[in-house]
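Residues take their numbers from the sequence shown, with the count starting at 1. Source: prediction; values computed, not measured.
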Amino acid sequence: MGEKPLPRAERRRRTEGRILGAARDLFAEVGFERTTIRAVARAAEVDPALVMQYFGNKQELFQQAVRVTPAAPTGLDAEEVVEHLLGTLNVKMGELPQGSLAMMRSMLTHPEAAASARRTLGEQIDRLALSLPGEDARLRAALMTMILVGVTVGHQLLELDELRGVSQEEIARALRPALRALGGPEVS
C-alpha cells in the first residue's frame, strides 16, 4: 500500500519552511547584502520564482527569516530582572538561532534589519522598564539590554578571546554589580 500524498497546504508549509531555513542560514553566514534570492532557492532546492511567489522580495524574506519571538519577563522586581538577564547568557553565548545571528550580522549595515532590531529591542526594553523603579526606568532598561547585546556581539560575531575563553558564570559574576546598579532605585 503506497503512502498517501501530502495535502497541498502541507506541501506549501514544508516548502516555505525549507526556504526560510535556507534564508536564515545564508543571512546569518553572509549578511543581507551578500545573500541572493537565487542562493536561497538553490539551498532550499526550489526555483527562485517560488521564493519570490512565497515571500515577494528579499526584504520580506529577510523579515520572515529573522522573526524571533523573545521571551518576556513580566511582574519581576529589579533583582529578578537582573537574574533573568544574566540567565539569558547561556543562550547569548551558546548556539544562537540562525535568525538571531542573521539579524545581528545585518542590523548595522541594512536599514530594514536595523528597524527590525529596534522594534525587537524596544519591546524588550519596554518589558524590562515595567519592572524597574524610577522615572528613568526606560533609559536604564535600554542600558541593561545593550550591555547584553554588546556581550552577544563580542562573543558571537567578533569572537573575542576575552569573552570566549571564560565561563558564562564568570561573565555573569562580573556583570551582576553593573546590572544591579542600573536596576536599583538609587540610580534614579
Side chain proximity check, [X] to [Y], heavy atoms < 4.5 angstrom:
X	Y	answer
Val81	Met144	yes
Val149	Met107	yes
Ile147	Leu182	yes
Glu83	Arg180	yes

To the nearest 0.5 Å, how far apart are [atom1] in [X] and [atom2] in [Y]?
X	Y	atom1	atom2	value
Gln156	Leu163	CD	CG	10.5 Å
Leu61	Thr35	CG	OG1	9.0 Å
Thr36	Arg42	OG1	CZ	6.0 Å
Leu157	Leu108	CG	CG	9.0 Å
Arg118	Ile125	CZ	CD1	11.5 Å
Phe55	Leu50	CZ	CG	9.0 Å

Pair Leu121, Met146 - check side chain to side chain contact (heavy atoms under 4.5 Å, CB included), show working.
CA-CA 9 Å; Leu121 291 170; Met146 293 315 298; 4.1 Å; yes
Count I, L, V, M, F, W, Y as connected when their side-chain heavy atoms are under 4.5 Å apart, and connections chain through other members. Are Leu20 and Val30 then in the same cluster?
no
So which heavy atom on [X] is nearest to which on [Y], and how close?
X	Y	result
Leu175	Leu148	CD1-CD2, 4.0 Å
Glu162	Val166	O-CG2, 3.6 Å
Ala41	Asp47	CB-C, 3.9 Å
Leu132	Ala137	O-CB, 3.6 Å
Gly122	Arg138	O-NH1, 3.8 Å

For atom CZ of Arg34, decide whether the heavy atoms of other residues, nucleotides or ligands shown that lie under 6.0 angstrom number more than 12.
no
Would you say that more than 12 heavy atoms from the other residues, nucleotides or ligands in this model lie under 6.0 Å from the CD of Glu33, or not?
yes
Are the side chain of Arg18 and the backbone of Ala44 linked by a donor-acceptor contact shorter than 3.5 Å?
yes
Whether Arg12 and Glu16 form a salt bridge (side-chain N of Lys/Arg under 4.0 Å from carboxylate O of Asp/Glu) is what I want to check.
yes
